Amino acid sequence: MLPFIARRSLQGAVLLILVSFISFAVMNLAPGNAMQTFINPRMSPQEITRAENALGINKPIPVQYLGWISNVARGNFGYSIRNGQSVSALLLQRAWPTLLLTLTSFVLIVIISLWIGISSAARPYSWIDYFSTTLVFGGISIPSFFFGLALIYFFSVRLGWVPTSGYENYSADHQGWALFVDRLWHMILPVCVLTFTGTAGILRHVRSSVSEALRQDYIRTARSKGVSERNILIKHALRNGLIPVVTLLGLSLPAFFAGSVITETIFAWPGMGRLLVDSVFARDYPVSMAINTITAVLVVLGSLLADLLYGFIDPRIRFES
């Protein structure tokens with residue numbers, strides 16, 4: 001297994017370098033630069049040139065990229081062009097709200113998808129099967145921004161049950177348990193949006209995989225031996241049908257991270273997704289590149305984790321050295 005992990009890690013490192021270079025080039029080839037976001041109209045062309053030299057944004061793209069990648073290799077993502085703060089410090093400030101939102105949604109998606117997917121596969125054409133089909137179509141068809149705005153309108157504006165946006169009530173001096181409840185209350189709507197849109201794809205594959213497994217000969221053999229239906233579903237059908245689902249789950253976490261960009265913007269959630277939007281509009285390339293790099297690393301790690309889980313789910317799978 002160790003040679004397999006080493007080979008995949010090397011492949012992932014090469015992929016990360018390619019992705020980071022393409023992202024860096026695309027950002028720098030876009031019209032304008034960071035100076036245009038905070039330029040003083042009274043600045044002379046000489047002053048603008050000196051500022052660009054200080055920031056290093058007038059150098060050729062390969063030279064800028066080599067300087068950036070060498071700093072990243074030492075754990076330094078640079079400094080924000082917009083406010084001069086350390087990019088690493090900015091990411092640490094925004095990481096916890098994003099992780100709280102993403103991991104909560106991810107756990108709910110896994111639980112709901114497995115429960116409804118197994119139930120609908122075990123009882124086709126029942127009410128729960130029709131419910132799962134409706135849930136899948138709705139999650140795929142309804143855009144996350146529209147669903148989020150609809151939830152805000154009905155549950156916040158019309159009914160007043162939950163806050164419209166934000167991470168907590170900053171005007172209230174909450175501490176301890178009161179602060180926890182306040183943040184939990186603010187999480188309800190964004191978590192609902194991420195869970196609803198993320199459940200659709202996983203649920204569809206869970207139902208399809210388990211349904212296909214239930215039609216296999218070994219399931220009929222297990223039933224003929226008197227194995228309970230619960231054990232057939234959990235120990236046989238689900239385990240053998242999980243391989244395609246594991247691939248989706250392994251890549252879902254970075255996908256949720258990327259998808260939280262829209263949700264965090266709608267609900268004014270102070271996470272990394274909203275930070276990415278603000279940095280793109282401000283042409284703050286160090287912050288944008290840092291977030292893109294982290295997302296690419298999560299994709300590589302998710303793919304590697306999914307490959308490793310194959311061997312635990314199906315003992316017949318062996319890793320080539």
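Below, each value reflects all heavy atoms present in this structure, side chains not excepted, and no hydrogens, waters or symmetry copies. These numbers were taken from a predicted model, which means no experiment stands behind them.
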J.: Which pairs count as salt bridge (charged side-chain N to carboxylate O under 4.0 Å, His left out) when at least one residue sits in residues 192-211, sequence neighbours excluded?
T.: Asp129-Arg207

J.: Using side chain to side chain donor-acceptor pair (under 3.5 Å) as the criterion, list what pairs up with Tyr79, not counting sequence neighbours.
T.: none

J.: Does any part of the side chain of Thr195, heavy atoms only, come nearer than 4.5 Å to the side chain of Phe106, both counted from C-beta?
T.: no

J.: Do the non-hydrogen side-chain atoms of Pro190 and Glu264 ever get within less than 4.5 Å of each other?
T.: no

J.: So do the side chains of Arg220 and Leu214 get within less than 4.5 Å of each other, counting heavy atoms only?
T.: no

J.: Only one of Val107, Leu108, Leu114 passes side chain to side chain contact (heavy atoms under 4.5 Å, CB included) with Val110; say which it is.
T.: Leu114

J.: Applying salt bridge (Lys or Arg N to Asp or Glu O under 4.0 Å), can you list everything that pairs with Arg215, at least two apart in sequence or on another chain?
T.: Glu212

J.: Would you sort out whether Asn231 and Ser228 count as a side chain to side chain donor-acceptor pair (under 3.5 Å), showing the intermediate values?
T.: CA-CA 5 Å; Asn231 288 334; Ser228 65; 3.1 Å; yes

J.: Check side chain to side chain contact (heavy atoms under 4.5 Å, CB included) between Pro286 and all other residues, then give those that pass, not counting sequence neighbours.
T.: Ile81, Val87, Asp284

J.: Which residues pass the side chain to side chain donor-acceptor pair (under 3.5 Å) test with Trp115, sequence neighbours left out?
T.: none

J.: Can you check side-chain contact (heavy atoms from CB on, under 4.5 Å) on Leu189 and Phe267, steps first, answer last?
T.: CA-CA 8 Å; Leu189 291 186; Phe267 292 99; 3.4 Å; yes

J.: Among residues at least two apart in sequence or on other chains, which ones pass side chain to side chain donor-acceptor pair (under 3.5 Å) with Asp278?
T.: none

